[in-house]
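Report on the following structure.
All heavy atoms count here, side chains included; hydrogens, waters and symmetry mates do not. For clarity, every value in this text was computed on a predicted model and none was experimentally measured. Just so you know, residue 1 is the first one in the sequence shown, and it goes up from there.
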Amino acid sequence: MKHIVSICTMLLLCVCIQAQSADMMTQLLDAEKVTYAQASYFPAVWLDAANENLSPEQTARYLAGQGILSETLGSGDISRPVTLQDYALICMRAWNIGGGMMYTFTGLPHYAFRELQARGILFNTDDPHSFVSGQRAVNILYACMEAAGEGAN
């Protein structure tokens, strides 16, 4: 059953990526350090396909309005690099991935990071304050989408 869910998730992802701008994916993959604006684009498009035509800055404001990205970031300096723990929080909130007790009670980036470590999406040796490369961001994105698909069953 897990294989069917994984295949369906990947097919859905392929459909979404085809509909999205190839330039945005290329920019994300080429980034040495992903910014909050870049990190916001694909979760925002996943939540609402109408966001595909928005700029990364506009998608950051959209995610802030949805409570996924903090309001201070949605209106602040979203051109700065995103940390691994903040990216974990964005993904956990965007795909509504449930966490452990501490994440559930606090909703803090540190516990989102720890939850993704526990799920094997992040390595135990990862530094929560390190910046995320574009390729790593895409890998985490796919893994979170798959985890959200498995949680639906």
Any side-chain heavy-atom pair from [X] and [Y] closer than 4.5 angstrom?
X      : Y      : result
Tyr36  : Asp86  : yes
Ile140 : Cys91  : yes
Leu108 : Gln85  : no
Leu116 : Tyr87  : no
Pro43  : Ile90  : yes
Cys144 : Ile121 : yes
Tyr62  : Asp48  : yes
Ile78  : Glu57  : yes

Item to check | Test item: side-chain donor near acceptor, Gln58 and Arg61, under 3.5 Å | outcome: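 Their side chains do not contain a donor-acceptor pair, so the 3.5 Å distance test is not met.
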
Item to check | side-chain contact (heavy atoms from CB on, under 4.5 Å) between Trp95 and Leu141, worked out | outcome: CA-CA 10 Å; Trp95 280 276; Leu141 187 83; 3.2 Å; yes

Rounded to the nearest 0.5 Å, what separates atom [atom1] in [X] from atom [atom2] in [Y]?
X      : Y      : atom1 : atom2 : value
Leu28  : Tyr41  : CG    : OH    : 11.0 Å
Gln135 : Glu32  : CD    : CD    : 11.0 Å
Met92  : Glu115 : CE    : CD    : 5.0 Å
Ser40  : Leu54  : OG    : CG    : 11.5 Å

Next on the checklist: Test your reading of the model: is there a side-chain donor-acceptor pair from Gln117 to the backbone of Phe123, 3.5 Å cut-off?
Outcome noted: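 Yes.
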
Checklist entry - Hey, is the main chain of Gly100 close enough, under 3.5 Å, to the side chain of Tyr111 for a donor-acceptor pair? => result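 The answer is no, because no donor-acceptor pair under 3.5 Å joins these two groups.
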
Item to check | Trace of the side-chain contact (heavy atoms from CB on, under 4.5 Å) decision for Phe131 with Leu84 | outcome: CA-CA 6 Å; Phe131 297 118; Leu84 195 51; over 6 Å; no

Checklist entry - Is any side-chain N of the basic residue among Arg136 and Asp126 closer than 4.0 Å to the acidic one's carboxylate O? => result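 Looking at Arg136 and Asp126, the cut-off is met.
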
Checklist entry - So which heavy atom on Thr104 is nearest to which on Gly99, and how close? => result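 What the structure gives for the nearest pair is OG1-O, 3.3 Å.
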
Item to check | Audit row: Met145, Trp46, side-chain contact (heavy atoms from CB on, under 4.5 Å) steps and yes/no | outcome: CA-CA 10 Å; Met145 291 173 67; Trp46 175 267; 3.0 Å; yes

Item to check | Step-by-step side-chain contact (heavy atoms from CB on, under 4.5 Å) determination, Leu63 to Leu47 | outcome: CA-CA 9 Å; Leu63 288 186; Leu47 292 169; 3.8 Å; yes

